[in-house]
Amino acid sequence: MLYRTTGQFKTSYRTDQALFPIRQDAFLLTIILIFAWAILPFTASEFAFQTLLIPVLIYALAATGLNILTGYAGQLSLGTGAFMGVGAYACYKLITIFPEMNLLIAVLLSGVFSAGVGVLFGLPSLRIKGFYLAIATLAAQFFLVWLFEKWPWLYNYNASGAIQVPNVDIFGVAIAGPLATSQAQYYFVLGVVTLLTVITINLTRGSLGRSWKAVRDMDIAAELIGINLLKAKLMAFAVSSYIVGVAGALFVFLWRGAAEPNLFDIELSFRVLFIAIIGGLGSILGNYLGAILIVALPVILNTVPELVGLEIKSATVEHINVMIVGALIIFFLIVEPHGLARLWQLIREKLIIWPFPH
Amino acid sequence: MKHFTKLALAGALATVTAGAAMAEGLYLPNLSYRTGPFAATGIPLMNGQRDYMEMLNARDGGIGGVPVIFEECETGYSTEKGVECYERTKGEALVTQPWSTGITLQVLPQTNVDQIPILAPGYGFSPMSDGKTFQWAFNPPASYWDGMSMVLQAISGGDLSSLSGKKIAHLHLDHPYGKEPLPLLEAMGEAHGFEVLPIPVGISEMQNQSAQWLQIRRERPDFVIMWGWGAMNAGAITEAVKTRYPMDQFVGVWWSGHTDDLQLVGEEGAGYRAISWSLPNADAPVMADIREHVVDTGKTLASDEELGEVFYGRGIIISAILAEGIRVAQEMHGTAEITAPQLRDGLANLNFTAERIEELGLSGMMAPFSTSCANHTGHSGGWMIEWDGTQFVQASELLQADRDAIEPLEAEKAAEYAAANAPWPMNEACEAS
């Protein structure tokens, strides 16, 4: 009923190939965007901004970056955390060397550095595949985190080895640092995430995205039909690392406010990888669904006992929380091994043919 | 599949609410960690803190007649969770007890905006001692740099020049916490002519430190100073026993003097020392009160043997410092229901004289100290405690940090921090004191 497609005629290839061939999809997205841009920023509390909205957006962006590499181009990577670190440290150096630089430019530029590093560590992908490539990216993970610790220039010779975000403003509005309001930070993050998501959707639908998918499905066949493997794989590494790097810069500058090297440890890589897998590999929507499940759900669950007035010790809540989230992950993977995005797709298909399923 | 989709649809809606409804009282959140890799060291500390506050509630009906609401928010020592906890509690909180150098660094710049004092007893950023720069942060009764200075005095027998030509290894957790004392150690090394050998232990290698101890065996340092935490302490002590490093040349900071870690090696660890600003004292009146009001009524989470441990006693001291800060604030402002900025005034005017310590029933557990607007640490000094094979015993007179050597470095680092975080508000009113 809600998703009835009756009367939506396609009269040209162009409309048939449109981003939203069904009108309801566009409608749904508009509602979500209105919520994200106009309603949530004025109704959310400080707590919701800092623990739900901003982190979900940033993690979703990082997962989008990884999804390009793993979901679209089929190259398994375990180095996401370290590439986020490259973006964060690059942004930190840019801002401290050129304090006048606009933060938006610094954030977008810092992705370039991680893209460079990503291409460098992507070179082995031309020779090795699958688990072996995962090990090569694991090397990147350990090497880069080691570098963040041992190269004092990166953290401006700070005694504690951590980077601290200075106060940064854009046209007089504090965006990063302790003086910034959560609302300003949220809008900045939302702007960058929206922009990069739109670009990613278009990339994956274009010829580059198609060559990635061909490489993923069978790289020898892809080579035989004339796809340049070198270019396709390295582009995947570059684009993926760029987005991951920007997410890393946002992660530290617009959310955490400070970072020590082991923040970018392998746990962060796994976390982003889990978001991508549970959300759905090879899908953009999945990254957001995955981030909501992995990042936001534990926070919400933590507040439940207090809301219903249960007296449970905070450590116990934490244990229960881990169990619930773990059980949910297993549940969703059993119900739909292809991730939450696929689950949504199935629901949508059923809605379209409802009430006459064949 | 059909049921599942229905289920998924039903579960898709979740309401987002924040903040908690608070009952009347002094709301003191504690960012605890009873889970995660550091839980073994966290639990006794947090139990001590909690039991002291429970005792005040049961014995005196709170502080100044107002009950204490001492609530824990679990972080698992993760900075991310810590910030979540901070955001959740800051609406009502009188104080932030961050319990990790990482969380402290994260929250520190926020304090000027949120106006909630940070209480980080014996941890955090050493230059926080400078109250002019760090108006909202307190790390009584001693900072890491104080600790390092005291350790050097203890191993040199009071005369640092005797260390000249020697080699001192600094075995530390590769984390802001472990690196904290390095600037001071290096400056002292230059001034007194001893060689400093920093040996970092990554968080992933805490349990297996064979590489580090191989290096120690090769380099043969005259002393090993340990800045360890959680599983790293036990790892280092067992490795030291295995490599037969002389225990009397092995000294730890106060967080490395944990009873449980030494129990693993028992007799073999005899002679290991740690600096400490707190002492366990089973005969102190406060312990009797805690036994009467908290342990015997079944309100405690601690086991019986835990009550005698170094860390449990330290938890009590930490809560006693906070409670005293609240009492001073109540007196200064003439109100029992104080606010966070009022508590800051209380913490900046602590005066733990020997008589006051006696009055609070804490005799023999802590050293006298006082804080001021410009001095947020108090610098009580500390004792060496030594493992005798079954327990930690006091092994030295009260040592005092060489403040003349530390102060210029503190001022320099505080100014550096303020410059990096410009515009940073300074408390100029403190200048005179």
Side-chain angles (χ1 to χ4, degrees), chain A residues 40 44-53 55 96 145-146 149-150 156 158-162 164-167 177-179 255-263 265-266 296-300 302-303 306-307 313-319 321-322 328 331-332 335-336 340 343-344 346-347 350, chain B residues 1-2 4-5 7-9 14-21 32-35 39 71-76 79-81 83-88 90-91 101-102 105-113 125 174-177 179-180 182-183 200 202-204 301 413 416-417 420-424:
Chain A
L40 283 180
S45 65
E46 180 85 4
F47 175 77
F49 273 124
Q50 290 297 328
T51 62
L52 298 170
L53 298 174
T96 47
V145 171
W146 174 85
E149 268 168 22
K150 304 294 168 194
N156 287 351
N158 182 314
S160 57
Q164 288 264 342
V165 175
N167 283 305
L179 294 179
W255 183 40
R256 304 295 296 264
E260 61 259 13
N262 62 302
L263 178 66
D265 242 334
I266 186 121
L297 189 66
V299 178
I300 295 171
N302 259 336
T303 60
E306 211 168 305
L307 279 181
K313 299 233 157 46
S314 144
T316 321
V317 173
E318 193 60 38
H319 287 304
N321 206 336
V322 172
L328 274 179
F331 171 79
F332 279 120
V335 171
E336 186 46 72
L340 295 173
L343 202 60
W344 163 243
L346 288 176
I347 294 171
K350 286 198 191 313
Chain B
M1 189 65 226
K2 222 171 179 180
F4 289 139
T5 42
L7 263 177
L9 269 177
T15 40
V16 179
T17 42
S32 62
Y33 45 95
R34 293 171 182 274
T35 63
E71 210 175 74
E72 293 186 350
C73 186
E74 178 66 30
T75 68
T79 315
E80 200 161 302
K81 284 266 167 57
V83 174
E84 182 194 322
C85 281
Y86 175 74
E87 291 292 338
R88 180 179 308 167
K90 79 176 182 189
T101 304
L105 283 174
Q106 198 111 91
V107 175
L108 195 51
Q110 286 287 337
T111 51
N112 287 323
V113 183
F125 192 45
D174 205 355
H175 198 256
Y177 151 64
K179 291 183 189 169
E180 190 60 45
L182 261 178
I203 290 200
S204 51
L301 299 173
K413 293 288 173 190
E416 234 172 64
Y417 184 93
N421 285 278
W424 183 266

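A note on names: the letters A, B, ... follow the listed sequences, proteins ahead of strands, and every chain is numbered from 1.
- At a 4.5 Å heavy-atom cutoff, B:Tyr33 makes no contact with chain A through either its backbone or its side chain.
- Only the side chain of A:Asn262 comes within contact range of chain B, with at least one heavy atom under 4.5 Å from a heavy atom of that chain.
- Here B:Glu84 is the residue among B:Glu84, B:Lys81, B:Lys90, B:Arg34 with the most heavy-atom pairs under 4.5 Å with chain A.
- Of the two parts of B:Leu301, only the side chain, counted from C-beta on, holds a non-hydrogen atom closer than 4.5 Å to a non-hydrogen atom of chain A.
- With a 4.5 angstrom heavy-atom cutoff, A:Glu46 touches chain B via backbone and side-chain atoms both.
- Residues passing the salt bridge (charged side-chain N to carboxylate O under 4.0 Å, His left out) test with B:Glu80 are A:Arg256, A:Arg271, sequence neighbours excluded.
- Ranking B:Lys179, B:Gln110, B:Gln106, B:Glu72 against chain A, the residue ahead of the rest is B:Gln106, based on heavy-atom pairs under 4.5 Å.
- Only the side chain of A:Trp255 comes within contact range of chain B, with heavy atoms under 4.5 Å apart.
- We find the CZ-CZ distance between B:Arg88 and A:Phe47 to be 4.5 Å, quoted to the nearest 0.5 Å.
- For the set B:Thr35, B:Asn112, B:Leu108, the entry with the most heavy-atom pairs within less than 4.5 Å of chain A is B:Thr35.
- Looking only at heavy-atom pairs under 4.5 Å with chain A, the residue among B:Thr75, B:Val83, B:Asp174, B:Ile203 that has the most is B:Asp174.
- By the 4.5 Å heavy-atom criterion applied to side chains, A:Asn302 and B:Glu74 are not counted as neighbours.
- The candidate with the highest count of non-hydrogen atom pairs below 4.5 Å against chain A, out of B:Glu180, B:Lys413, B:His175, is B:His175.
- Heavy atoms closer than 4.5 Å to chain B are found nowhere in A:Val322, neither backbone nor side chain.
- To the nearest 0.5 Å, atom CD of residue A:Glu260 and atom OG1 of residue B:Thr79 are 4.5 Å apart.
- If you measure heavy-atom distances from B:Leu182 to chain A, you find no contacts under 4.5 Å at all.
- In terms of non-hydrogen atom pairs under 4.5 Å with chain A, the most contact-rich of B:Tyr86, B:Tyr177, B:Tyr417, B:Phe125 is B:Tyr417.
- When side chains are defined from C-beta on, A:Glu318 does not count as touching B:Ser32, because their heavy atoms never get closer than 4.5 Å.
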